[in-house]
Amino acid sequence: MSSALEDTLWQTMSKSEKYDLVNQQLPTLLDNSVDDVANLANASALLKEAFGWWWVGFYRKQETALILGPFQGPMACTRIAYGKGVCGSCWKEEKTLVVPDVEEFPGHIACSAASKSEIVVPIWNARGDFWGVLDADSEHMAHFDDLDSSELELFCRTLSPYLS
Ligand code: SME
């Protein structure tokens with residue numbers, strides 16, 4: 001659905017303007033009559049289109065591990081254990097983790113050598129159970145800040161009622 005015109009429009013906007021539009025668009029893409037995969041596929045595409053991050057996608061909790069879900073970007077590792085890497089640490093600590101330099105994060109899991117900084121946001125479903133995480137990676141150092149944290153937390157709260 002993306003056009004060259006839409007790509008150009010995103011490029012003219014500030015980060016805060018992009019988040020305003022992303023968080024307005026997300027509810028229009030979500031559908032309670034389809035499964036998590038369909039909703040999260042469009043949610044990851046929306047973030048990729050708006051921000052052009054190196055990698056963005058979801059990992060879903062399945063028993064004792066996080067399993068790769070819908071994403072945009074290069075191939076990624078399929079399984080992350082509780083407490084491991086940035087994603088597994090986000091699950092353990094149940095809070096957003098902003099990593100300005102992935103080399104400095106003990107146990108960081110390098111799915112791609114190009115990734116330099118990362119943000120991981122925890123997600124709960126409508127029942128209040130931990131569902132999984134949203135993970136975004138950048139090829140630039142220190143790419144994510146407090147604005148990304150608060151806006152992506154809002155993004156994930158909007159997703160919650162649509163997750164099983
Ligand atoms: N870097 C993550 C692994 C997932 S990839 O970045 C897509 C981590 O340390 O958990």
Side-chain angles (χ1 to χ4, degrees), residues 1-60 66-78 85-87 90 95-103 105 108-126 131-164:
M1 288 202 285
S2 172
S3 67
L5 177 61
E6 281 170 346
D7 289 346
T8 308
L9 284 175
W10 284 116
Q11 283 162 25
T12 63
M13 298 167 85
S14 69
K15 182 155 89 171
S16 143
E17 288 169 336
K18 286 179 185 179
Y19 273 120
D20 286 347
L21 192 52
V22 158
N23 280 319
Q24 267 174 38
Q25 283 196 349
L26 179 62
T28 69
L29 294 172
L30 298 172
D31 180 347
N32 257 327
S33 69
V34 299
D35 67 5
D36 293 2
V37 171
N39 283 318
L40 296 178
N42 270 337
S44 58
L46 176 60
L47 291 174
K48 178 72 174 181
E49 201 171 293
F51 298 102
W53 296 323
W54 177 253
W55 194 94
V56 58
F58 298 90
Y59 279 90
R60 178 181 189 174
L66 293 171
I67 305 297
L68 183 63
F71 69 94
Q72 299 270 313
M75 291 166 284
C77 44
T78 51
V86 188
C87 294
C90 173
K95 64 173 196 198
T96 299
L97 297 179
V98 177
V99 180
D101 178 357
V102 295
E103 303 270 337
F105 189 93
H108 168 257
I109 300 164
C111 292
S112 160
S115 175
K116 299 280 185 283
S117 61
E118 179 163 3
I119 184 169
V120 182
V121 181
I123 304 173
W124 290 269
N125 64 20
W131 179 91
V133 301
L134 166 65
D135 179 11
D137 289 45
S138 171
E139 69 273 44
H140 306 293
M141 295 279 271
H143 195 69
F144 302 102
D145 59 19
D146 288 349
L147 180 66
D148 296 289
S149 293
S150 57
E151 294 288 350
L152 290 176
E153 285 169 3
L154 171 61
F155 188 89
C156 290
R157 283 198 300 276
T158 305
L159 286 173
S160 289
Y162 296 87
L163 299 175
S164 55

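In what follows, every heavy atom counts, from backbone to side chain, and hydrogens, waters and symmetry copies are set aside. Just so we're clear, the structure is a prediction, and the values are computed from it rather than from any experiment.
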Least distance between heavy atoms, [X] atom then [Y] atom:
X     : Y      : value
Ala41 : Gln72  : O-NE2, 4.5 Å
Met13 : Glu17  : CA-OE1, 3.4 Å
Pro70 : Val37  : CG-O, 3.7 Å
Leu26 : Ala43  : CD1-CB, 4.0 Å
Ser44 : Gly57  : CB-CA, 4.4 Å
Val98 : Ser149 : CG2-OG, 3.3 Å

### Task
Taking atom types as modelled, find out whether Trp54 and Ser112 have a side-chain donor-acceptor pair closer than 3.5 angstrom.
yes
What distance separates [X] [atom1] from [Y] [atom2], expressed to the nearest 0.5 Å?
X      : Y      : atom1 : atom2 : result
Phe71  : Cys111 : CZ    : SG    : 9.5 Å
Arg60  : Trp131 : CZ    : CH2   : 6.0 Å
Asn23  : Leu154 : CG    : CG    : 4.0 Å
Ser115 : Glu103 : OG    : CD    : 9.5 Å
Leu134 : Leu159 : CG    : CG    : 8.0 Å
Leu97  : Ile119 : CG    : CD1   : 9.0 Å

[Y] backbone acceptor or donor facing [X] side chain under 3.5 Å:
X      : Y      : result
Asp36  : Asn39  : no
Ser160 : Trp124 : yes
Lys48  : Trp53  : yes
Trp10  : Lys18  : no
Asp145 : Asp148 : yes
Thr96  : Val121 : no

Any heavy-atom pair between the side chains of [Y] and [X] that's under 4.5 Å?
X      : Y      : result
Thr158 : Pro27  : yes
Val99  : His108 : no
Asp135 : Phe58  : no
Pro74  : Trp55  : yes
Tyr59  : Leu68  : yes
Leu147 : Ser16  : yes

### Query
Mind checking what makes ring-ring contact (aromatic ring centres under 6.0 Å, His included) contact with Tyr19, not counting sequence neighbours?
Phe51
### Message
Test side-chain contact (heavy atoms from CB on, under 4.5 Å) on Tyr162 and Asn32; report intermediate values, then the result.
### Response
CA-CA 6 Å; Tyr162 296 87; Asn32 257 327; 3.5 Å; yes
### Message
Quick check on Lys95: does its NZ atom have over 12 non-hydrogen neighbours (other residues, nucleotides or ligands) under 6.0 Å away?
### Response
no
### Leu152: which of Ile123, Val22, Leu47 passes side chain to side chain contact (heavy atoms under 4.5 Å, CB included)
Leu47
